[in-house]
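What you are looking at is a predicted structure, and each value in this text was computed from that prediction instead of being measured. The analysis underlying the following values was restricted to heavy atoms, covering all of them including side chains, and did not include hydrogens, waters or symmetry mates.
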Amino acid sequence: MQQNEKFKDWLFRYQSFYRVRRTDKSKQRFLSALVADISDLREDVQVIEYNRHKKYASRNVYVGDIEKADRIICTYYDTPIQHFGPYVLFDRKEQETRTTSFIIASSVLLILAGIAGTLLYMKYVSDAFDGLSLSTLLTALVYGGYFYLLGKITKGSANRKTLIRNTSSVLAILAMISETKGEKTAFAFVDEGSFGESGLDAMRTPGNKKAKIFFLDCVGADAPLHVIGNDVSKAKLSELSIDHQSSEERITYIFSAKISEKEKKTSFYLDRADLDRKTLNMENIEKVMELCR
């Protein structure tokens with residue numbers, strides 16, 4: 001697939017303006033752009049809310065009739081939190097540990113910086129406290145900004161380099177939507193996928209329990225493409241030279257990753273250099289689109 005003008009436009013906007021999808025406001029901005037782009041291609045798009053008990057609702061975007069479709073091609077769109085080390089796919093415990101460690105370390109460093117700044121202020125500023133003085137007002141502003149930043153850090157700061165994880169999969173599905181016609185295939189962009197499966201669970205209803213589900217993750221990474229599942233044509237897998245493993249799960253996972261073999265256990269991962277890349281592996285995206293045709 002060549003990068004046509006429409007794809008280049010998607011790539012520019014979702015890599016530049018809508019790359020962070022962490023807060024309710026940033027997610028709504030992204031979803032508004034996504035729905036507008038899909039509406040230019042077809043009319044059967046809907047935004048479904050769930051988990052309304054929270055401060056704000058989580059949202060999934062569905063294209064086509066997921067209740068009647070024979071297969072559903074999906075990915076998550078939310079932004080992961082900053083973490084130490086590589087992204088280890090399918091290992092939620094490892095992801096949580098690396099994320100928690102980053103939050104603790106960055107919070108401690110920021111607290112120490114605040115203490116050091118306070119000590120320096122007490123040492124070099126000898127003027128009596130005056131609520132109307134310019135220096136006092138500036139100090140209040142600095143401390144206000146400091147505690148605002150500390151609050152953000154303790155909750156986890158969003159990773160701003162999201163082209164590989166998981167903007168690349170969003171773009172791949174947009175490209176598929178532009179080429180796919182008929183009612184047998186539906187598409188879904190699910191929320192809360194970077195740290196759980198709430199969005200995926202909300203999508204899986206009793207009405208579509210027989211549908212084949214293809215879940216994309218990091219498909220634009222500069223790493224080998226893998227398939228775990230039983231619903232992809234063996235002939236296509238062989239033709240495209242894609243690593244394949246069978247699975248008893250209902251979902252077929254399609255993703256790009258490196259492989260690590262430790263203690264007779266196979267794990268899939270992308271290191272920081274892979275995640276921070278600013279260019280897509282278009283060959284992988286082409287293969288994914290061919291697999292899903």
Asker: Below 4.0 angstrom, N of the basic side chain to O of the carboxylate: do Asp222 and Arg277 qualify?
Answerer: yes
Asker: Do Ser194 and Arg22 have a side chain donor and acceptor closer than 3.5 Å?
Answerer: no
Asker: What pair of heavy atoms forms the shortest contact from Asn284 to Val219, and how long is it?
Answerer: CB-O, 3.1 Å
Asker: Between Tyr87 and Asn159, do the side chains contain a donor N or O and an acceptor N or O under 3.5 Å apart?
Answerer: no
Asker: If we only count heavy atoms from C-beta on, is the Leu163 to Leu280 side-chain gap below 4.5 Å?
Answerer: yes
Asker: What is the minimum heavy-atom distance between Leu270 and Ala257, and which atoms define it?
Answerer: CD2-CA, 3.8 Å
Asker: For Tyr76 and Asn166, work out which heavy atoms get closest and say how close.
Answerer: O-ND2, 3.2 Å
Asker: State plainly whether the residues Lys6 and Asp40 are in salt-bridge range, i.e. N to O under 4.0 Å.
Answerer: no
Asker: Does one hydrophobic cluster hold both Leu112 and Ile103, with members joined at side-chain heavy-atom distances below 4.5 Å?
Answerer: no
Asker: Would you please indicate yes or no on a ring centroid separation below 6.0 angstrom for Phe30 and Phe17?
Answerer: no
Asker: Aromatic rings Phe7 and Trp10: how do their planes relate, parallel, tilted or perpendicular, breaks at 30° and 60°?
Answerer: perpendicular
Asker: Can you confirm whether Lys234 is buried at NZ, in the sense that more than 12 heavy atoms of other residues, nucleotides or ligands lie under 6.0 Å from that atom?
Answerer: yes
Asker: Check whether the side chains of Tyr50 and Glu192 place a donor and an acceptor atom closer than 3.5 Å, and report yes or no.
Answerer: yes
Asker: In terms of side-chain geometry, is the basic nitrogen of Arg293 or Glu290 positioned less than 4.0 Å from the acidic oxygen of its partner?
Answerer: yes
Asker: Assign the ring pair Phe90 / Phe268 to parallel, tilted or perpendicular, where the plane angle (0 to 90°) is split at 30° and 60°.
Answerer: perpendicular
Asker: What's the shortest heavy-atom distance between Asn60 and Met203, and which atoms?
Answerer: ND2-N, 4.0 Å
Asker: Do Gln95 and Asp91 pass the side-chain hydrogen bond (donor to acceptor under 3.5 Å, both in side chains) test, and can you show the C-alpha distance, the side-chain angles, and the key distance before you say yes or no?
Answerer: CA-CA 6 Å; Gln95 294 173 32; Asp91 193 336; over 6 Å; no
Asker: Would a hydrophobic clustering, with Ile, Leu, Val, Met, Phe, Trp and Tyr connected at side-chain separations under 4.5 Å, put Phe255 with Ile72?
Answerer: yes
Asker: If we ignore hydrogens and angles and just use 3.5 Å, is the side chain of His244 paired with the main-chain N or O of Gly229 as donor and acceptor?
Answerer: yes
Asker: Could you tell me whether Glu283 and Lys287 make a salt bridge, using a distance below 4.0 angstrom between a side-chain N and a carboxylate O?
Answerer: yes
Asker: Compute whether any side-chain donor of one residue and acceptor of the other, for Gln15 and Thr167, lie under 3.5 angstrom apart.
Answerer: no
Asker: Under a 4.0 Å N-O cut-off, is there an ion pair linking Asp78 with Arg59?
Answerer: no
